[in-house]
Number of protein chains: 2
Amino acid sequence: MTRKLLTNLSVDCVIFGFDMDQLKVLLVERKLKSDDGKSIIFSDHSLTGYHIYEDEDLDSAAIRIVNDLTGLENLKFEQFYTFGSLDRIAHPNDQIWIEQFGDVISSRVLTVGYYSLLPNTNMNIIQKGRKVNWFPVDQVKELAYDHKEILEKALEHLRYKLQNEPVGFNLLPEKFTLSQMQKLYEAILGAKYDKRNFRKKVSQMSYVVPIKEKQQGVAHKPAQLYIFSPEVYEKTRKERNHFFI
Amino acid sequence: MTRKLLTNLSVDCVIFGFDMDQLKVLLVERKLKSDDGKSIIFSDHSLTGYHIYEDEDLDSAAIRIVNDLTGLENLKFEQFYTFGSLDRIAHPNDQIWIEQFGDVISSRVLTVGYYSLLPNTNMNIIQKGRKVNWFPVDQVKELAYDHKEILEKALEHLRYKLQNEPVGFNLLPEKFTLSQMQKLYEAILGAKYDKRNFRKKVSQMSYVVPIKEKQQGVAHKPAQLYIFSPEVYEKTRKERNHFFI
DNA sequence: TGTTGAATGTGTATATTATACACATTCAGT
DNA sequence: ACTGAATGTGTATAATATACACATTCAACA
């Protein structure tokens with residue numbers, strides 16, 4: 001039995017990772033060679049995305065698609081926006097690419113955007129055919145289709161969330177130092193924070209808890225390690241009373 | 001020429017209105033009569049929604065669909081979430097309703113959720129065939145399809161936004177009093193605020209500006225009227241520095 | 001025209017939170 | 001034992017949040 005792939009529906013996933021210095025995004029190479037395989041017609045990158053099956057949940061599709069392209073498992077995805085402009089697939093390269101696979105070009109492909117936050121950029125990526133690599137988010141220039149726009153929207157969403165919810169911990173290893181946490185916020189929000197004030201603020205977050213363990217093997221005073229406690233967070237978040245700004 | 005309607009894609013719009021007391025939502029009656037027209041097979045309500053055309057933008061679809069059902073014009077919509085569970089249309093009533101129109105039931109209809117905020121609940125609604133009415137949000141029990149879930153998500157989104165951005169002014173008349181503004185926040189967030197402290201907070205919002213006009217025809221001290229200035233807001237919002245909580 | 005009912009509009013004291021800012025400590029490596 | 005590199009800490013001041021009570025102004029009515 002063959003599952004029916006929906007030609008007018010797809011899912012695109014923005015996979016973020018933090019390497020303790022920069023925010024990165026996982027991109028898939030899109031390289032089209034001439035028939036004789038000797039010259040390259042074009043080469044660029046896209047997000048991890050593909051069409052969904054008729055009998056497939058959106059959330060499951062995100063998991064499947066990323067797994068197909070990267071081998072990554074157990075990622076958590078969150079939907080952030082859906083893109084449905086009529087001109088999403090306008091560039092000649094995009095059309096050539098699609099035709100190459102014999103797909104009919106739907107007059108418009110609606111794509112649901114998901115993002116995922118990974119705690120590092122060293123995980124083993126199983127490249128099944130196409131090259132997949134990490135790129136610093138702020139150096140990404142052009143992408144296939146409207147993926148640049150999707151990436152921007154995901155970033156915007158991430159920044160917004162970061163200022164209102166403790167999503168940042170998903171981008172840090174389970175045990176992290178306060179300097180790492182500070183770097184994360186600085187990198188994503190593009191700001192600079194005072195170390196003492198940052199730590200004072202964090203010390204008020206009861207859900208960031210120090211553990212009986214310190215950094216090891218560093219050529220300086222080893223830092224205290226912390227973990228994020230989702231349980232404590234759920235208990236404390238009860239009511240925020242401020243409106244906006 | 002006939003435009004092709006996409007059977008597996010739809011847009012559902014959650015239209016909120018505030019009547020100075022309660023948050024309300026605009027719902028469309030869904031009444032199915034027996035063939036002889038004498039008995040009612042079932043009757044319930046749904047959000048304003050319908051399938052989109054092949055050659056139609058998502059945003060335009062929202063505008064068209066709401067206009068078709070209500071005659072309302074010039075609404076501003078914002079997308080908040082997309083629903084694509086495989087069991088969205090599970091209830092027998094939903095299936096009967098769809099079959100009635102001779103539509104094929106797609107195995108899954110993906111629907112993009114939009115919401116709109118109206119400054120009052122008195123606008124002239126042109127009912128084209130189906131009855132459309134305002135209902136207090138917190139008294140809505142069951143809805144067609146998964147529309148109850150969609151409404152909840154829209155509400156959640158609205159509350160979130162309300163605490164972080166000045167979207168509430170869209171639910172108030174152009175000229176409003178501070179008491180009205182306070183009531184709005186209390187109604188939507190389900191909280192109670194101290195009048196003096198609320199006003200102190202608002203007085204720090206440079207974009208809420210008093211005008212040379214007072215309430216008229218009220219049997220008590222007439223209140224100062226205010227307007228929201230988007231221009232001033234854009235200038236002031238520069239940087240918010242808090243993370244979360 | 002004066003009395004009533006109803007909502008408006010205002011200030012202060014106290015507690016909490018935000019900001020600005022500099023130096024001793026601890027480790028690995030040599 | 002010395003160096004380089006990052007950690008970890010406190011205080012004074014400013015800004016913001018909270019708790020709380022009463023005189024004012026209008027329309028309506030007697």
Side-chain angles (χ1 to χ4, degrees), chain A residues 18-21 163-164 166 172-173 175-187 189 191-227 236-245, chain B residues 18-21 163-164 166 172-173 175-187 189 191-227 236-245:
Chain A
F18 182 63
D19 67 0
M20 295 308 172
D21 186 39
Q163 284 167 307
N164 293 287
L172 290 173
K175 303 168 183 180
F176 55 88
T177 72
L178 295 187
S179 294
Q180 291 170 340
M181 182 174 165
Q182 182 173 348
K183 265 190 192 159
L184 173 74
Y185 278 86
E186 290 179 340
L189 300 177
K192 260 294 193 186
Y193 302 104
D194 174 81
K195 184 160 61 156
R196 278 182 288 192
N197 294 336
F198 184 89
R199 291 162 113 91
K200 200 182 298 176
K201 200 148 183 171
V202 174
S203 74
Q204 288 162 214
M205 303 175 185
S206 56
Y207 42 86
V208 178
V209 305
I211 58 176
K212 288 196 229 59
E213 202 173 332
K214 298 200 169 198
Q215 243 183 345
Q216 287 190 348
V218 286
H220 56 74
K221 182 174 178 179
Q224 174 64 239
L225 290 173
Y226 291 77
I227 58 171
T236 56
R237 78 195 190 108
K238 302 172 210 163
E239 336 86 2
R240 328 176 353 161
N241 269 359
H242 58 110
F243 305 131
F244 46 85
I245 278 213
Chain B
F18 182 62
D19 66 0
M20 295 307 172
D21 185 39
Q163 284 169 307
N164 293 289
L172 290 172
K175 303 168 183 178
F176 55 87
T177 71
L178 296 188
S179 294
Q180 291 170 342
M181 182 174 164
Q182 184 174 346
K183 265 190 194 159
L184 173 75
Y185 278 86
E186 290 179 340
L189 299 179
K192 260 294 192 186
Y193 301 104
D194 174 81
K195 183 159 64 154
R196 279 183 286 193
N197 292 336
F198 184 89
R199 289 161 115 92
K200 201 181 298 175
K201 199 149 184 170
V202 174
S203 75
Q204 288 162 214
M205 304 177 185
S206 56
Y207 43 87
V208 178
V209 305
I211 58 177
K212 288 199 229 59
E213 201 174 334
K214 297 200 169 199
Q215 241 182 346
Q216 287 190 349
V218 286
H220 55 74
K221 182 172 178 177
Q224 174 65 238
L225 290 173
Y226 291 78
I227 57 170
T236 56
R237 79 196 188 106
K238 299 172 211 161
E239 335 88 3
R240 327 177 350 162
N241 268 356
H242 58 110
F243 305 131
F244 47 84
I245 281 215

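Proteins come first, then strands; the chains are lettered A, B, ... in the order of their sequence lines, and each starts at number 1. The structure displayed is predicted, hence computed values, not measured ones.
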- Note on the structure: In 5'-to-3' order, the base (B), backbone-only (S) or no-contact (-) status of each nucleotide in nucleotides 20-30 of chain C, using a 4.0 angstrom heavy-atom cut-off, is BBB--BBBS--
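- Between atom CZ of residue A/R196 and atom OG of residue A/S203 there is a gap of 14.0 Å, rounded to the nearest 0.5 Å.
- Within the 4.0 Å cut-off from OP1 or OP2 of C/dA7, not a single side-chain nitrogen or oxygen of B/S179 is found.
- Rounding to whole angstrom units, NZ of residue B/K201 and C1' of C/dT17 are separated by 13 Å.
- Atoms CG and NZ, on B/D19 and B/K183 in that order, are 9.5 Å from each other to the nearest 0.5 Å.
- Atom-to-atom, NZ of A/K183 to P of D/dA5 comes out at 13 Å; the value is rounded to the nearest Å.
- Note: A/Y226 OH to A/M181 CE = 10.0 Å, rounded to the nearest 0.5 Å.
- Spacing between atom CD of B/Q215 and atom P of C/dA6 amounts to 16 Å, rounded to whole angstrom units.
- Using a 4.0 Å heavy-atom criterion, one finds that B/Q224 contacts the sugar-phosphate atoms exclusively.
- Considering CG of A/L225 and CD1 of A/I211, their distance stands at 5.0 Å, rounded to 0.5 Å.
- Interatomic distance, A/K195 NZ to A/K200 NZ, rounded to the nearest 0.5 Å: 14.0 Å.
- If you measure from atom CD of A/Q216 to atom C1' of D/dT7, you get 16 Å, rounded to the nearest angstrom.
- We find the CD-CG distance between B/Q182 and B/D194 to be 7.5 Å, quoted to the nearest 0.5 Å.
- Side-chain N/O atoms of A/R199 include none lying less than 4.0 angstrom from OP1 or OP2 on D/dT9.
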